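Here's the structure we're looking at; comments come further down.
None of these values were measured; they are calculated from a predicted model. Sequential numbering from 1 along the given sequence is applied to the chain's residues.
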Amino acid sequence: MENSNGCSRKSKDVSLKELRDRLAEFAEVRGWDQYHSPRNLLLALVGEVGELSEIFQWKGEVAKGLPNWSSDDKEHLEEEISDVLLYLVRLADVCGLDLGQAALTKIVKNAKKYPVMNHN
């Protein structure tokens with residue numbers, strides 16, 4: 001199954017590098033690079049996080065896997081989560097950061113900061 005952009009809905013794992021490169025090309029061919037300053041991208045990201053938050057705002061606790069959600073609600077959630085991810089990837093790229101490596105480094109730091117505790 002393909003969406004309107006010719007991308008398979010159930011495709012291979014996508015790398016952050018592929019997303020970064022496709023976003024850079026997307027912005028370049030539309031002449032949007034001039035608007036993609038770190039500040040502007042951050043503000044757009046915050047706006048998208050707000051839209052994502054609205055989906056959950058009045059739902060109370062939501063079960064993992066969203067068993068009681070309609071397919072339309074899940075699709076809306078996918079779109080908003082994707083917007084957040086795409087702005088985050090673009091922001092990291094414009095700032096010259098390797099987002100994947102930074103995330104892995106942060107996981108290692110968090111493991112040291114929050115060691116596994118014996119729960120006996």
Side-chain angles (χ1 to χ4, degrees):
M1 175 191 311
E2 290 192 356
N3 64 20
S4 60
N5 294 326
C7 296
S8 173
R9 291 277 296 165
K10 299 291 182 192
S11 63
K12 63 176 176 57
D13 287 340
V14 177
S15 71
L16 290 176
K17 180 185 183 313
E18 181 179 351
L19 291 176
R20 182 198 68 205
D21 293 348
R22 291 186 69 173
L23 285 168
E25 179 185 6
F26 188 90
E28 182 181 345
V29 299
R30 288 165 177 77
W32 292 355
D33 281 333
Q34 62 184 320
Y35 307 112
H36 284 191
S37 67
R39 177 190 172 275
N40 287 348
L41 291 167
L42 175 62
L43 293 174
L45 172 62
V46 168
E48 294 299 338
V49 169
E51 290 181 24
L52 177 59
S53 298
E54 286 177 348
I55 295 172
F56 289 92
Q57 187 170 8
W58 305 114
K59 291 193 181 293
E61 286 303 318
V62 176
K64 290 181 180 180
L66 313 176
N68 301 318
W69 285 37
S70 70
S71 59
D72 286 347
D73 286 343
K74 287 181 179 181
E75 183 177 347
H76 184 210
L77 179 60
E78 283 180 339
E79 291 172 359
E80 296 306 333
I81 287 176
S82 295
D83 285 340
V84 169
L85 174 64
L86 295 174
Y87 273 116
L88 186 62
V89 169
R90 184 70 176 139
L91 176 60
D93 184 32
V94 167
C95 290
L97 304 175
D98 181 336
L99 183 58
Q101 188 57 56
L104 290 174
T105 299
K106 183 63 175 176
I107 290 169
V108 170
K109 285 183 179 181
N110 284 346
K112 291 176 184 173
K113 185 175 180 179
Y114 304 104
V116 175
M117 304 297 283
N118 189 353
H119 296 286
N120 290 339

To check you understand the geometry: which heavy-atom pair defines the closest contact between [X] and [Y], and what is its length?
X: Leu86; Y: Leu23; result: O-CD1, 3.3 Å
X: Pro38; Y: Leu91; result: O-CD1, 3.5 Å
X: Glu48; Y: Asp83; result: OE1-OD2, 3.1 Å
X: Val94; Y: His36; result: CG1-O, 3.3 Å
X: Leu16; Y: Val89; result: CD2-CG2, 3.9 Å

Nearest 0.5 Å, what's the [atom1]-[atom2] distance between [X] and [Y]?
X: Gln101; Y: Lys106; atom1: CD; atom2: NZ; answer: 14.5 Å
X: Lys59; Y: Leu66; atom1: NZ; atom2: CG; answer: 9.0 Å
X: Glu78; Y: Ser71; atom1: CD; atom2: OG; answer: 10.0 Å
X: Leu19; Y: Asp93; atom1: CG; atom2: CG; answer: 11.0 Å

Given Asp33 and Arg90, is the salt bridge (Lys or Arg N to Asp or Glu O under 4.0 Å) satisfied, shown in steps?
-> CA-CA 11 Å; Asp33 281 333; Arg90 184 70 176 139; 2.6 Å; yes
Any side-chain heavy-atom pair from [X] and [Y] closer than 4.5 angstrom?
X: Val62; Y: Trp69; answer: yes
X: Ser37; Y: Asn40; answer: yes
X: Ser53; Y: Val49; answer: yes
X: Tyr87; Y: Val46; answer: no

Is the count of non-hydrogen atoms from other residues, nucleotides or ligands lying under 6.0 Å from [X] atom [atom1] greater than 12?
X: Tyr35; atom1: OH; result: no
X: Gln57; atom1: CD; result: yes
X: Arg30; atom1: CZ; result: yes
X: Glu28; atom1: CD; result: no

Treat each ILVMFWY residue as a node, draw an edge where side-chain heavy atoms are under 4.5 Å apart, and state whether Ile107 and Leu99 are in one component.
-> no
ILVMFWY network linking Leu85 to Leu43, side-chain heavy atoms under 4.5 angstrom = no
Electrostatic pair Lys12-Glu18, nearest N-O below 4.0 angstrom = yes
Would you call the rings of Phe26 and Trp32 parallel, tilted or perpendicular, where under 30° means parallel and over 60° means perpendicular?
-> perpendicular
Applying side chain to side chain contact (heavy atoms under 4.5 Å, CB included), run through Leu52 and Leu77 and close with a yes or a no.
-> CA-CA 7 Å; Leu52 177 59; Leu77 179 60; 3.4 Å; yes
